[in-house]
Structure formats: structure tokens, C-alpha cells
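Reading through the C-alpha cells given below for one structure.
Start at 1 and go down the list; that is how both ligands and their atoms are numbered.
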Amino acid sequence: MENSNATGDGRPVFFFDIDNCLYSRSKKVHDMMKTLIRQYFATHLQLSPEESQTLHETYYQQYGLAIEGLVRHHKIDPLEYNRLVDDALPLEAVLHPDPELRALLQSINTSKVKLWLFTNAYVNHGKRVVKLLGVEDLFEGITYCDYASPPLVCKPKREAYELAMRQSGATDPGKCYFIDDSAINCQAAVEFGWKNVIHKLEPEDPDPEFPHGRWHIRDLKELKTIFPEVFKEGEVEAK
Ligand SMILES: [Mg+2]
């Protein structure tokens, strides 16, 4: 899997977010992360559990991820944070090879579209998750948030979408596909000019009050109905 500087070969790029998108929110990885992040806040900023929770929520809402606030306002070491939070998650206990996900991704015609990961996590975490899900080999590359070189470039910042296009070799925003479980990331993608933006919801989520992407789905299999043009022939079920 490449990290950067892919050559464009004219194929549109299909960008997949990783966390809570390639696996379900019911795996509670986000909750595990919350616990470790709050521990980090408490230890490194000498905060009470309540203060840690409030500050974490503030940064999450303001910046989309906690580390952005920590780097901006507290000059923490992002790689140490990554080691103590993302890399310390006991993911092996909850994420396992997912044959359904693998079959779905394999039914995409990669002569028509390039599959690319686009995550706000650091590269270690991103690669670890797709490896555990058993789909690492199906993506041609990954655009991640490089904690090693602040200022951080992460979704929903415009620069993150530019970086993803550059690294994947995508040239036309109007031909990009993108799926993410985050409403703000989907909205930013639409504003950036990406055309095929899908907001991934969980089965129990209510319909959004207003659309954040052009579509919302609750099961990745719905991609076959929305974008039959990127799937192999015979893979799209008749309606
Ligand atoms: Mg996500």
C-alpha cells in the first residue's frame, strides 16, 4: 500500500474512511478510544476526570479530533499521544477478518475505480485496522493524518481533501467517491466539490435532519445500488 505520490492513471478514486465506517460503531472502538484519551488528558494536563471529559468534548466538536486541540493549545508530543492512545487500543479483541466486507470490496471493478483509504488517524492505526479486518491488500494507498509533522492536516480541513487527491492521483473532484460516518467530514467533502459523497449511518441512527452527503446509507452493500457503475458486471443485484 502506498502512502503518497501515486501516479494518476485517470481512474476515479473511491475514498473510504476507516473507523466506524469499514466496521460498525457497535464494536465500540470509539468508546475504548474515549477512555484512553481522557486518561491522557488527566495525566498530561493534570485534569480531573470531569475536566478531561469537558475538554475532550470541546476539542472534538471544535476540531473533529482531540489531538488537534492538544497540539494547538498544549504543545503535546503527537507521537507519544499516538503511542498511548491509538496504538494502545486493544483492537484485536473486537476487530476480526470480515468476509462480507472483503467480498463487497472485491466486487468493485478496480479497472474502473481506485480504492483508497482516507483517515484522520495516524498511519499505524489505519493500517492496523484494515489488517485486522482482512482487507489491507484491497486498497491501493492511504491518506492519513500525519501526527509526526504538525500542523495537522485532517478532515474536515480543505487541505486534507487536497492531500488525499494529490496522494491518490485523483485529478477531478467531480469524479471522486467518498464514504465517511462523520457528518462534518461529508459536508466538507461536498463543499470541496467531491460529487459522490455518502454519509455512513448505523442501522439505529435516525435520518439526518438535512443531508450531509448526497446519500446516506446504513449498510455498505447499498453502494451496489447507488453506484452500479463501479461494480463488476453480475455483482449488482437486480432491483
Ligand atoms: Mg470514521
Side-chain angles (χ1 to χ4, degrees), residues 1 13-37 56-57 59-69 81-82 85-87 89 91 94-96 98 101 104-105 115-133 135-136 138-139 141-147 152-161 163-164 167-168 176-192 194 196-206 208 211-223:
M1 205 188 324
V13 178
F14 203 135
F15 296 99
F16 285 81
D17 173 49
I18 299 177
D19 289 295
N20 288 354
C21 186
L22 293 183
Y23 61 83
S24 161
R25 195 170 64 209
S26 64
K27 300 281 182 189
K28 300 203 183 307
V29 171
H30 206 77
D31 294 352
M32 287 183 191
M33 211 178 266
K34 240 191 237 171
T35 309
L36 293 182
I37 290 175
H56 176 211
E57 279 163 12
Y59 288 162
Y60 191 74
Q61 277 161 13
Q62 220 165 339
Y63 304 119
L65 72 177
I67 191 176
E68 173 80 35
Y81 169 91
N82 179 70
V85 177
D86 288 15
D87 286 357
L89 292 167
L91 295 178
V94 291
L95 298 181
H96 309 288
D98 180 347
L101 172 66
L104 178 78
L105 293 169
L115 302 186
W116 198 269
L117 297 162
F118 183 18
T119 177
N120 272 351
Y122 187 51
V123 61
N124 298 10
H125 176 82
K127 286 191 175 178
R128 186 174 166 216
V129 170
V130 287
K131 203 169 177 179
L132 286 170
L133 294 173
V135 296
E136 189 193 21
L138 302 181
F139 293 91
I142 178 169
T143 294
Y144 57 91
C145 183
D146 190 358
Y147 293 179
L152 302 182
V153 175
C154 52
K155 298 173 275 184
K157 285 182 191 162
R158 191 178 174 83
E159 296 78 22
Y161 299 86
L163 181 68
Q167 292 186 333
S168 64
C176 290
Y177 296 82
F178 175 54
I179 180 160
D180 199 306
D181 64 291
S182 152
I184 55 170
N185 293 348
C186 288
Q187 234 168 284
V190 170
E191 283 159 22
F192 181 70
W194 283 3
N196 302 303
V197 176
I198 311 107
H199 185 197
K200 167 73 169 57
L201 300 173
E202 292 292 325
E204 66 276 16
D205 289 336
H212 302 288
R214 289 191 59 193
W215 295 271
H216 60 261
I217 63 173
R218 290 181 170 78
D219 185 324
L220 292 177
K221 286 204 254 345
E222 293 172 58
L223 293 175

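- Within Asp17, the N, O or S atom at minimum distance from the Mg ion (ligand 1) carries the name OD2.
- Within the cation-pi definition used here (under 6.0 Å to the ring centroid, within 45° of the axis), Lys155 does not qualify as a partner of Tyr161.
- Leu223 is listed as a side-chain neighbour of Ile217, based on a closest heavy-atom distance under 4.5 Å.
- Contact of the Tyr122 side chain with the Cys145 side chain is not registered, since no non-hydrogen atoms from C-beta on lie closer than 4.5 Å.
- At least one N/O/S atom of Asp181, from backbone or side chain, sits under 2.8 Å from the Mg ion (ligand 1).
- Side-chain polar atoms of Asp19 and His125 form a donor-acceptor pair below 3.5 angstrom.
- Between the Mg ion (ligand 1) and the N, O or S atoms of Asp19, the shortest distance is to O.
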